[in-house]
Amino acid sequence: MHRPTRPPERVAEAHSREDAVDRALSALPVDQRRCWVMKEVLEYRYEDIAEELGLPTSTVRGILSRARKNMIRLMEGWR
C-alpha cells in the first residue's frame with residue numbers, strides 16, 4: 001500500500017514543533033512535566049494522576065495550570 005508523502009516543508013515543521021515541545025518539557029519543573037505528560041500525552045484523568053502521584057486532585061489541577069501556562073510561554077518562540 002502506498003502512503004501519501006508529505007511535502008518537505010510540512011515534515012520540517014513537524015520536526016521543529018517536536019523539538020520545541022521537547023525543549024519546553026525539559027525546561028518544566030519535574031512535577032509539572034510529569035503531570036503534563038500524564039494528562040496531555042497519556043490522557044489520564046485528573047483523578048488518575050492524583051492517585052498515581054499520591055496527590056490531592058486540587059494539587060494536580062494547580063500543577064497542570066502552571067504547566068500549561070509555562071508551555072505556552074516556552075512555545076511562544078516556535079509560533
Side-chain angles (χ1 to χ4, degrees):
M1 180 189 290
H2 178 15
R3 290 183 358 184
T5 57
R6 295 182 358 193
E9 62 274 4
R10 297 291 296 232
V11 172
E13 182 180 317
H15 285 231
S16 172
R17 182 178 55 245
E18 289 172 16
D19 289 344
V21 169
D22 286 344
R23 283 191 306 276
L25 280 173
S26 68
L28 290 180
V30 174
D31 62 336
Q32 290 181 26
R33 179 173 49 247
R34 188 178 304 146
C35 285
W36 191 91
V37 168
M38 292 174 85
K39 180 68 175 152
E40 303 300 334
V41 177
L42 302 176
E43 299 181 346
Y44 279 38
R45 296 176 315 129
Y46 290 104
E47 296 80 8
D48 297 331
I49 298 169
E51 184 177 330
E52 182 82 21
L53 300 179
L55 297 170
T57 303
S58 60
T59 300
V60 169
R61 289 184 188 280
I63 291 170
L64 279 167
S65 175
R66 288 188 298 281
R68 288 182 181 121
K69 287 176 186 172
N70 283 329
M71 286 297 286
I72 289 168
R73 179 181 53 78
L74 292 163
M75 293 292 295
E76 210 165 73
W78 182 80
R79 294 194 222 187

Task: Whether over 12 other heavy atoms sit under 6.0 Å from Glu43 CD - done: no

TODO: Check whether any side-chain N or O of Arg61 sits under 3.5 Å from a backbone N or O of Thr57 as a donor-acceptor pair, and report yes or no.
DONE: no

Open item on the list: Could you tell me if the side chain of Leu25 sits less than 4.5 Å from the side chain of Met71, heavy atoms only?
Closed with: yes

Task: Pairwise side-chain contact, Asn70 with Trp36, heavy-atom cut-off 4.5 Å (strictly under) - done: no

Open item on the list: Could you measure the distance from the CD1 atom of Ile49 to the CZ atom of Arg34? Nearest 0.5 Å is fine.
Closed with: 11.5 Å

- [ ] Please step through side-chain contact (heavy atoms from CB on, under 4.5 Å) for the pair Arg73 and Lys69, ending with a clear verdict.
- [x] CA-CA 6 Å; Arg73 179 181 53 78; Lys69 287 176 186 172; over 6 Å; no

Closest approach of [X] to [Y] (non-hydrogen atoms, all atoms of both residues):
X	Y	result
Pro56	Ala50	C-CB, 4.0 Å
Cys35	Leu53	SG-CD1, 3.7 Å
Ile63	Asp31	CG2-O, 3.6 Å
Arg33	Ser26	NH1-O, 3.4 Å
Met75	Ala24	SD-CB, 4.0 Å

Task: same_hphob_cluster(Tyr44, Val30) at 4.5 Å side-chain heavy-atom cutoff - done: no

